[in-house]
Amino acid sequence: MAKIVAVVSMKPDAVGGGAPIFLAENADKLEETAFLLEKILDASAHDLKNGTIILVNHR
């Protein structure tokens, strides 16, 4: 079963839950942070197209 391991967002009031949340001030930082975490966590980044990217472990 897949598990969300992190959330990266430009909208702090639009995200919540049990996964760590990383805030980004612009779209460039959003992608940079998400793709760095993708490598560190060995996870897959999924862009929700609303200013939020989730990192999912599919194992």
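From a predicted model like this one, the values you see are computed outputs, not experimental measurements.
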Participant: Answer yes or no: is there a side-chain heavy-atom contact under 4.5 Å between Arg59 and Asp42?
Facilitator: yes
Participant: Do Val8 and Met10 share a hydrophobic cluster, counting only Ile, Leu, Val, Met, Phe, Trp and Tyr and linking them when any side-chain heavy atoms are less than 4.5 Å apart?
Facilitator: yes
Participant: Could you tell me the separation between the CZ atom of Phe22 and the CG atom of Leu30, rounded to the nearest 0.5 Å?
Facilitator: 12.5 Å
Participant: Going from CG on Leu37 to CG on Leu55, what distance comes out if it is rounded to the nearest 0.5 angstrom?
Facilitator: 6.0 Å
Participant: Does any N or O in the side chain of Thr52 come within less than 3.5 Å of the main-chain N or O of Leu48, such that one atom is a donor and the other an acceptor?
Facilitator: no
Participant: Would you say Phe35 ends up clustered with Ile54 if hydrophobic residues are merged whenever their side chains have heavy atoms under 4.5 Å apart, either directly or through other cluster members?
Facilitator: no
Participant: Say you draw a straight line from NE2 of His58 to NE2 of His46; how long is it, rounded to the nearest 0.5 Å?
Facilitator: 3.0 Å
Participant: Rounded to the nearest 0.5 Å, what's the gap from CG on Asn57 to NZ on Lys3? Could you check?
Facilitator: 8.5 Å
Participant: Where do Ile53 and Ala45 come nearest, in terms of heavy atoms and distance?
Facilitator: CG2-CB, 3.9 Å
Participant: Taking atom CD1 of Ile4 as the centre, does the number of heavy atoms from other residues, nucleotides or ligands within less than 6.0 Å exceed 12?
Facilitator: no
Participant: For a quick test of reading the model, state the closest non-hydrogen atom pair linking Ile21 to Gly16 and the distance between them.
Facilitator: CD1-CA, 3.7 Å
Participant: Where the side chain of Lys11 meets the backbone of Asn50, is there a donor-acceptor pair that is under 3.5 Å apart?
Facilitator: yes
